[in-house]
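No hydrogens, no waters, no symmetry mates; every other heavy atom, side chains included, goes into these values. Residue numbers run from 1 in the order of the sequence given. Just so you know, ligand 1 is whichever comes first in the structure, and atom 1 is the first atom listed for that ligand.
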Amino acid sequence: MRRIAFILAGFTVLHAADNPRITLQLTDFVSMPVTGTIDGKGQTDGMLARINALREEPGGSGRFFINDLNGPLYILDKATKKLTVYLNFNGRNGHAGIFHKLSYDTGYAGGLVSVQFDPDYTRNGRFYTVHIEDPSLAGSNAPDNASVPGLRLDGYTTTTAIAPPGETQREGVLIEWTDSNRTNASFEGSAREILRVALNTRIHPLGALSFDPSARRGDPDWRVLYIGCGDGGSGESRLAMRANPQRLDTLVGKILRIVPDLSEQVSASTVSDNGRYRIPNDNPFAGVRGARKEIWALGLRNPHRLTWAIDPANARSKRLIANSIGLHTWETVNIIHKGANYGYSLREGTELLRPDNTTAPLPAVDRIPVQIGDAPTAETVTPTYPVIEYGHVPGGGDAVGSGFLYHGRRVPALRGKYVFTDISTGRVVYADYNEMLAADDGDPKTLAAIHEIKLLWADPDGQSGAAKQLFDSMFPIAKAAYRLRGGKTGVLPGRALVSGEGRADAHVAVDGGGELFIFTKTDGMLRMVAEGFVD
Ligand SMILES: [Ca+2]
Ligand SMILES: [Ca+2]
């Protein structure tokens with residue numbers, strides 16, 4: 001204990017001067033087309049545009065791919081701000097898009113959840129998407145190309161969903177797309193369903209997709225895809241499915257690691273049961289009888305954002321980071337290790353999680369059982385704990401958003417800092433990356449500190465004039481813009497414990513150069529971080 005106290009004190013002294021008070025100046029970049037309803041009364045229908053991620057297209061085209069949960073995948077030209085619907089995933093109930101069973105209207109993370117480029121995209125035109133389907137809806141679960149004449153569907157077949165124990169309500173679908181002409185803003189080419197995972201409820205879906213950006217051809221991680229698979233809501237259930245995030249024989253509540261291209265990493269992997277992807281031989285449970293070979297790490301509730309932190313001075317020093325949304329108590333940022341067990345739903349954050357979903361201090365002997373079937377085995381492991389956590393309390397938040405290790409040029413003071421948001425309150429914060437690495441020490445008591453970022457923004461509404469004002473979070477910014485765009489629902493659509501009535505629904509994103517953007521679903525705005533100031 002003495003040693004821990006010394007180390008913590010060391011952090012404070014060592015890094016205090018390196019954690020400055022930072023203000024970011026925001027510039028409105030694009031008003032995303034309204035795909036919600038201006039007076040929506042539900043959890044999510046009143047959000048003006050449910051932008052979930054922004055990715056810069058590799059190859060220097062100067063274009064972003066942006067997905068809206070409600071269905072559109074846009075291409076945005078950064079210079080001209082021209083926005084084109086590239087693919088529309090919403091083919092539900094007479095909508096013109098591709099998937100008749102798209103489930104986007106209930107839950108915060110339904111619909112078109114994610115898009116990610118193949119590391120070899122500039123050669124092969126490939127990218128990957130995850131969308132959520134409701135199998136109880138009428139119609140086929142195969143794509144409909146009426147809205148995309150260039151999409152060839154000859155030979156396309158769906159796969160059988162891999163189901164977790166318990167009843168299921170949704171399916172997360174991973175699809176590989178190959179565009180044969182990257183120079184235009186339309187899709188022409190083929191698609192292939194790779195993986196379909198059934199989910200117990202409509203929350204915490206299959207979602208995050210991430211390739212190691214430092215891997216090169218010939219490396220063991222070249223074109224190897226890491227996937228965040230939420231627990232589908234199983235972990236907070238009072239039914240037997242509560243064990244699903246801990247069960248090695250099911251995919252939910254895990255980080256998965258697969259090779260989507262059957263012709264890649266051939267000698268170091270085996271073909272999956274569904275024949276659509278490969279599984280690396282060095283996955284930690286590849287040789288464990290009864291375990292799913294796809295699993296890279298386990299015991300996570302909703303690891304909805306995965307990102308790689310690469311040390312700019314040493315690309316071999318890299319970490320996979322998962323931001324995982326907590327139940328009633330703790331929001332966490334986790335450094336993901338091969339084979340590690342993050343404890344959920346036996347732990348939440350750095351506490352014990354009881355069967356009634358309340359938390360308590362960790363037990364003196366901090367071990368949890370390995371579970372491969374319906375019952376725990378005799379074998380036990382020590383859980384791995386987050387490097388950052390904050391509570392569902394005033395000054396904390398409700399749900400951790402996306403995060404990135406900043407490596408851009410516009411805000412030098414943020415270099416070496418991990419920037420992230422709380423979704424509902426719209427707080428934008430950072431932690432020192434070296435503190436995060438030091439906190440990844442097997443000791444739940446050591447954590448990296450969180451530092452507030454202030455925001456400077458000029459409210460475009462005439463009443464407060466065009467002068468820039470200082471804000472503590474994205475919430476008042478989204479609120480002002482929501483009104484200006486015609487939003488009519490309360491303070492802001494949605495609600496949460498700490499944010500109260502209304503949610504900002506804020507996330508950060510980075511472009512190809514590592515520069516920051518912030519998007520907010522409730523006002524449907526994408527904003528650029530133009531510069532940063534240090535007090
Ligand atoms: Ca094209
Ligand atoms: Ca620690």
Could you give the distance from NE2 (His204) to CZ (Arg301), rounded to the nearest 0.5 Å?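 Reported value, rounded in 0.5 Å steps: 3.5 Å.
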Tally, protein N/O/S atoms nearer to the Ca ion (ligand 2) than 3.0 Å: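 The number of such protein atoms is 5.
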Please state whether the rings of Phe420 and Tyr418 are parallel, tilted or perpendicular, taking 30° and 60° as the class boundaries.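 If you compare the ring of Phe420 with that of Tyr418, the planes turn out tilted.
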Phe517 vs Phe29 aromatic rings, parallel, tilted or perpendicular, using cut-offs 30° and 60°?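 Perpendicular: the ring planes of Phe517 and Phe29 meet at over 60°.
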Could you check, using the six-membered ring where one of them is a Trp, whether Trp308 and Tyr226 have ring centers closer than 6.0 angstrom?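 Yes.
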Are Tyr128 and Trp177 close enough that their ring centres sit under 6.0 Å apart?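 No, the ring of Tyr128 stays outside the 6.0 Å limit from the ring of Trp177, centre to centre.
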Taking the Ca ion (ligand 1) as the center, what protein N, O or S atoms are found at less than 3.0 Å?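 Near the Ca ion (ligand 1), the protein supplies Asp179 OD1, Asp179 OD2, Asn181 O, Asn184 OD1, Ser186 O, Glu188 OE2.
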Under 3.5 Å side-chain donor-acceptor pair for Asp441 and Thr446: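 Yes, a side-chain donor-acceptor pair sits under 3.5 Å.
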Distance-only polar pair, side chains of Asp179 and Tyr86, donor-acceptor under 3.5 Å: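 Result is yes, a qualifying pair exists.
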Could you list the residues that satisfy ring pair (Phe, Tyr, Trp, His ring centres under 6.0 Å) with His328, not counting sequence neighbours?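 Here no residue qualifies.
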Arg427: what forms a side chain to side chain donor-acceptor pair (under 3.5 Å) with it, not counting sequence neighbours?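 Testing Arg427 for side chain to side chain donor-acceptor pair (under 3.5 Å), a comparison that skips the adjacent residues, returns Glu452.
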